[in-house]
Amino acid sequence: MTRRPTLLAALTLTAAAALTLSACGSDDSSKGKDNDKIAGADTGDEASPSPSPSGPAAGGRPKIELPSDVTYEFQWKKTGDPQKDAVLNDAEQRIRAVDMAIAKQNSLDKAYRFYSEGTAAAESQKYIQEFVDHKARTTGLTRYYNESLTIKDDGTAALVYCEDQSKAFNKFLKTGKTDVSPVTKDSYVVYAGTLRKNGDGVWVTERLISQRGSAKCQP
């Protein structure tokens, strides 16, 4: 399952313990519709990405820069718990870092690998490479909301959240065309991830699954 519905190869990650979901497999990628949405990027013949707000790049963390038309609305609430707030921050930065790798057309970009390990990192590399191969990007706004977070006894964090893709659209670099697709229940996706704090104090995503059209995420 991908971060957005896509005509490209599907991103399927190992199930997280946070929530039992049925993985979508490769059905999304088999639709082959040009108006399917894909994760935001900017590349090729277009101008270099311009900075997008991403929080301070402190403690050796990579600076995240995105095209100005790739935007987010993170409605995740601050918990007041320093550990939980750190998990949410690093999960947000991973999302931005994957989009930055697509923008840079670099499937081995250091930023997303800073925030992911294991299966999540390996599958993200494949996912990003598909965008590189197809020279595609998105434009628009993606919203994240309805999060729930648990720090488990084994030290891992279980994070579940929703994504609203209704205002993000495909843009293909060869033609410059933006395809505005209709909003359906599948524009809303639930994610379940497992994160672990590494030796550098970063909450890295190790596993991630998703389910499109989830009742939990419908407006």
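Since this is a predicted model, take the numbers as computed values, not measurements. All residue numbers refer to positions in the sequence shown, counting from 1.
A donor-acceptor contact shorter than 3.5 Å links the side chain of Arg212 to the backbone of Asp186. A side-chain donor-acceptor contact under 3.5 Å links Tyr145 to the backbone of Cys217. No donor-acceptor pair closer than 3.5 Å links the side chain of Gln93 to the backbone N or O of Tyr115. When atom types are taken as modelled, the side chain of Asp154 and the backbone of Thr156 share a donor-acceptor pair closer than 3.5 angstrom. A distance-only check finds a donor-acceptor pair linking the side chain of Ser214 to the backbone of Lys216 [under 3.5 Å].
For the pair Glu147 and Lys77, the tightest heavy-atom approach, listed with the atom from each and the gap, is OE2-N, 2.9 Å. Val98 approaches Ser124 most closely through the heavy-atom pair CG2-OG, 4.3 Å. Taking each heavy atom of Ile95 and Tyr72 in turn, the nearest pair found is CG2-CE2, 4.1 Å. Scanning both residues, Met100 and Ala111, for their nearest heavy atoms gives CE-CB, 3.4 Å.
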* Asked: Taking it one step at a time, do Val204 and Ser116 satisfy side chain to side chain contact (heavy atoms under 4.5 Å, CB included)?
  -> CA-CA 5 Å; Val204 295; Ser116 59; 5.6 Å; no
* Asked: Are Asp109 and Lys104 close enough, and set up right, to give a salt bridge (charged side-chain N to carboxylate O under 4.0 Å, His left out), and what steps lead you there?
  -> CA-CA 8 Å; Asp109 191 64; Lys104 294 168 66 176; 2.6 Å; yes
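Expressed to the nearest 0.5 Å, how far CH2 of Trp203 lies from CG of Asn89 amounts to 13.0 Å.
A donor-acceptor contact under 3.5 angstrom links the side chains of Gln75 and Arg143, judged on distance only. Between the side chains of Tyr144 and Glu163, at least one donor N or O sits under 3.5 Å from an acceptor N or O. No hydrogens or angles considered: a donor-acceptor pair under 3.5 Å links the side chains of Ser166 and Asp164.
For an aromatic pair to be called close, the ring centres must be under 6.0 Å apart, and Tyr161 with Trp76 satisfies this.
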